[in-house]
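Atoms within a ligand are numbered from 1 in the order they appear, just like the ligands themselves. Computed from a predicted model, the values in this text were never measured in an experiment.
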Amino acid sequence: MTKNKKLLNWVSEIEKLCKPDSVHWCDGSVQEYDRLIKEMCDSGLALKLNEKKRSNCVHFRSDPSDVARVEDRTYIASKDKDSAGPTNNWIDPDALKKTMKSLYDGCMRGRTLYVIPFSMGPIGSPISKIGIEITDSPYVVVNMHIMTRVGSKVIESLGENGDFIPCLHSVGKPLEKGESDNGKWPCAPMEKKYISHFPEENLIWSFGSGYGGNALLGKKCLALRIASNMAKREGWMAEHMLILRLTNPEGRQFHLAAAFPSACGKTNLAMLQPTIKGWKCECIGDDIAWMKIAPDGSLRAINPESGFFGVAPGTSNASNPMAMDTVKANSIFTNCVVTDDNDVWWEGMGCECKHGTDWKGREWTPESKEKGAHPNARFTAPAKQCPVICPDWEKPEGVKIDVFVFGGRRSSVVPLVTEAFSWNHGVYLGATAASEATAAALDVKGNIRRDPFAMLPFCGYNMADYFQHWFDMGARLGNNAPKIFYVNWFRKSPEGKWLWPGFGDNSRVLKWICERIEGKVSARKTPIGLLPDPKNLDLSGLDISSAELDELLKVDTEAWKGELADIQEFLSQFSSRLPSEMKKQFDEMKSRLDKQI
Ligand code: GTP
Ligand code: SPV
Ligand code: MN
């Protein structure tokens with residue numbers, strides 16, 4: 001039991017407010033996990049999957065209204081509205097607390113309050129942080145067991161006076177006397193959902209949703225929205241990035257961190273199996289990177305998580321065999337199809353399901369009109385089960401980052417790969433990144449949106465100041481600054497076919513990137529950056545026509561002038577707060593496009 005006063009006071013204050021039936025302090029043990037899973041199976045909320053097919057795995061069906069992050073209900077409550085900036089929803093912190101306190105009052109009646117001590121990052125790493133999540137959802141507890149390091153060791157490391165980030169969560173569905181959920185996923189209606197951040201206090205309050213980033217508060221809320229604020233104040237970086245180790249045939253290692261928006265390929269790239277000879281890839285993280293400048297001046301990254309919360313649909317032995325292996329045991333699935341023999345299935349799994357039950361609990365066959373799995377159906381799986389997890393993935397000092405890669409989902413205009421002219425130009429590329437909408441957020445509509453550094457929904461302060469932070473980090477890193485590239489795996493032909501095979505074949509692009517770093521290959525200067533000479537891309541064994549390749553590496557000046565107008569409009573929302581360097585980069589790109597160089 002902890003002697004930490006701040007923690008004890010906070011738990012007792014929340015207990016008084018939320019009025020749960022009981023309180024349970026999580027120890028992170030296997031017994032605790034097994035007991036909660038059994039309780040949820042017994043109550044009908046979870047289904048135990050076929051032990052012979054998927055050992056120690058369960059499936060959950062969420063409420064159909066609670067299937068993804070809700071950006072319209074996500075708030076940054078800083079004292080001053082400008083600190084949140086034009087891309088975040090802002091409410092005055094006092095007003096928001098007042099509203100939420102009335103929602104929290106008695107919200108845990110009939111339920112258990114779980115206290116989850118967790119560490120983001122290996123316990124004891126100089127880059128790690130401790131959080132405590134209070135939740136009334138056992139689903140959240142078991143997911144946190146996988147996604148973070150939970151339990152007594154964290155309490156020990158916190159000690160009597162250690163500090164932590166308080167994360168309060170409730171599904172927002174109190175139970176009357178004698179009432180039970182009856183196997184139904186508890187949550188509150190949309191207008192009562194709040195995913196709130198108080199950055200000046202390092203405080204998170206989430207109410208009404210039990211799904212993913214809304215409820216597993218270590219992930220997007222702590223590791224990105226709150227951590228981005230801390231990183232800005234303390235001079236480090238908290239980014240929506242996978243971390244990957246590449247080893248070339250000579251044995252030289254490169255560490256790459258890549259930011260793509262939600263559902264745009266991070267998990268896939270993180271577990272990539274190269275299709276080119278002699279290259280090896282190992283996974284360090286698939287969603288979040290925390291990075292600090294080490295005493296030797298290099299930039300060091302850790303993955304603050306210990307599990308993967310990955311998109312299920314589209315995951316197959318062909319696209320991501322390492323993820324398929326990772327989820328064979330000890331995993332949680334949410335909103336998939338359950339087959340008649342109690343296994344899970346989803347669209348794009350690379351095998352057939354003739355008959356099963358869809359994510360809404362209805363009979364499903366291939367003839368059914370609707371998809372069987374929700375497009376944002378997910379698996380939760382321990383990172384250590386990934387066959388290509390890097391042996392150094394939990395190194396407390398992290399790995400040295402050599403390359404940053406930005407990208408998004410663009411069916412036209414943006415070429416397969418572009419190298420930035422400089423750090424500052426790379427920051428401009430990251431800041432002006434754009435992507436097509438996906439199912440990872442419930443309320444993102446429309447076609448293409450600017451998603452700077454894939455952080456639009458996750459940067460917990462004014463995005464203009466975040467741009468400046470990137471420029472500042474580059475200046476501090478100097479010659480140690482990673483090289484910056486921009487990729488797009490998602491170009492389509494006019495008929496709507498992928499022009500680039502993607503997945504394992506993305507290793508060909510990574511090879512070019514590494515060879516650029518080593519100075520082994522030349523590049524072609526274009527108005528938007530440096531592009532490969534087609535002869536320098538390793539396409540051996542690929543069936544790709546030279547017309548397709550030309551299309552993939554084309555810079556269409558007119559289309560880019562259209563892009564420029566959109567970028568200008570996007571940047572204008574930051575008005576006088578926009579860094580002057582960003583304006584300079586924009587002007588330089590405009591003049592290169594005008595001069596066609
Ligand atoms: P979040 O967990 O939401 O942050 O997503 P993510 O960035 O990790 O995306 P993920 O790797 O799960 O990929 C999302 C979707 O993109 C899946 O349906 C993949 O099959 C698809 N995808 C990933 N990589 C590629 C690629 O190289 N080419 C194509 N065509 N599709 C890809
Ligand atoms: C994302 O949307 O980027 C995710 C899933 O990684 S969630 O945890 O729901 O944010
Ligand atoms: Mn993500």
- Message: Considering non-hydrogen atoms of the protein only, which is the closest contact for atom 30 (N) of ligand 1, and what is the distance?
- Response: W498 CE2, 3.3 Å
- Message: Can you tell me which portion of S319 lies within the under-4.0 Å heavy-atom range of ligand 1? Options are side chain, backbone, both, or neither.
- Response: neither
- Query: To which of R378, E305, M147, R69 does the heavy atom nearest atom 5 (C) of ligand 2 belong?
  - Reply: R378
- Message: Please verify the inter-ring angle class for W346 with F379; under 30° counts as parallel, over 60° as perpendicular, anything in between as tilted.
- Response: tilted
- Item | Shortest protein contact, atom 16 (O) of ligand 1 (heavy atom only) | R409 NH2, 3.1 Å
- Query: With a 4.0 Å cut-off on heavy atoms, is H240 touching ligand 2?
  - Reply: yes
- Relative to the ring of H240, is the ring of F458 parallel (under 30°), tilted (30 to 60°) or perpendicular (over 60°)? perpendicular
- Note the single closest protein heavy atom to atom 26 (C) of ligand 1, along with its residue, its atom name and the distance in Å. F503 N, 3.7 Å
- Query: Going by the order shown, which atoms of ligand 2 are within less than 4.0 Å of some heavy atom of S262?
  - Reply: 1 (C), 2 (O), 3 (O)
- Item | atom 6 (O) of ligand 2 - nearest protein heavy atom and its distance | K220 NZ, 2.7 Å
- Query: Which ligand 2 atoms does G213 reach within 4.0 Å, using its non-hydrogen atoms?
  - Reply: 7 (S), 8 (O), 9 (O), 10 (O)
- Query: Would you call R245 and D392 a salt bridge, taking side-chain N to carboxylate O under 4.0 Å as the test?
  - Reply: yes
- Item | Within reach of ligand 1, part of R378 (heavy-atom separation under 4.0 Å) | side chain
- Is F260 touching ligand 2 with its side chain, its backbone, both, or neither, if touching means heavy atoms under 4.0 Å apart? neither
- Message: Just to be sure I read this right, does ligand 2 sit under 4.0 Å from the backbone of D287, its side chain, both, or neither, counting only heavy atoms?
- Response: side chain
- Any Lys/Arg nitrogen of K266 or D286 sitting under 4.0 Å from an Asp/Glu carboxylate oxygen of the other? no
- Item | Exercise: identify the closest heavy-atom pair between A454 and A259 | CB-C, 4.0 Å
- Message: At under 4.0 Å between heavy atoms, is it the side chain or the backbone of T438 that contacts ligand 1, or both, or neither?
- Response: neither
- Item | Those atoms of ligand 2 less than 4.0 Å from some heavy atom in F458 | 3 (O)
- Query: Is there a heavy atom in P501 that sits closer than 4.0 Å to ligand 1?
  - Reply: no
- Message: If the threshold is 4.0 Å, N to carboxylate O, is there a salt bridge linking K483 and E419?
- Response: no
- Decide yes or no for P274 and K280: does some side-chain heavy atom of the first lie under 4.5 Å from some side-chain heavy atom of the second? no
- Does the pair D287/K220 count as a salt bridge with the N-to-O cut at 4.0 Å? yes
- Message: For atom 19 (C) of ligand 1, tell me which residue out of N506, N268, N320, I288 has the closest non-hydrogen atom.
- Response: N268
- Query: How close does the nearest protein non-hydrogen atom get to atom 1 (P) of ligand 1, and which residue and atom is it?
  - Reply: A263 N, 3.4 Å
- Task: Show which atoms of ligand 1 fall inside a sub-4.0 Å distance from at least one heavy-atom site of P261.
- Result: 7 (O)
- Item | Sub-4.0 Å heavy-atom contact, Y211 with ligand 2 | no
- Item | Proximity to ligand 1 by part of F490, non-hydrogen separation under 4.0 Å | side chain
- Any atoms of ligand 2 less than 4.0 Å from a non-hydrogen atom of K219? List them with their elements. 6 (O), 8 (O)
- Query: Would you call the rings of Y211 and W185 parallel, tilted or perpendicular, where under 30° means parallel and over 60° means perpendicular?
  - Reply: tilted
- Item | Distance from atom 17 (C) of ligand 1 to nearest protein heavy atom, with residue and atom | P313 O, 4.0 Å
- List every atom of ligand 1 that sits less than 4.0 Å from any heavy atom of K266, numbering the atoms from 1 in the order shown and giving each element. 1 (P), 4 (O), 5 (O), 6 (P), 7 (O), 8 (O), 9 (O), 11 (O)
- Cationic N near anionic O, under 4.0 Å, E563 to R410: yes
- Message: Residue-level breakdown please: for K219 versus ligand 1, do any non-hydrogen atoms fall below 4.0 Å on the side chain, on the backbone, on both, or on neither?
- Response: neither
- Query: With a cut-off of 4.0 Å, which atoms of ligand 1 are near a heavy atom of V311?
  - Reply: 12 (O)
- Message: With the threshold set at under 4.0 angstrom, would you say G310 reaches ligand 1 through any of its heavy atoms?
- Response: no
- Item | Sub-2.8 Å protein N, O or S atoms surrounding the Mn ion (ligand 3) | K220 NZ, H240 NE2, D287 OD1
- atom 9 (O) of ligand 1 has as its nearest protein heavy atom G265 N, 2.9 Å
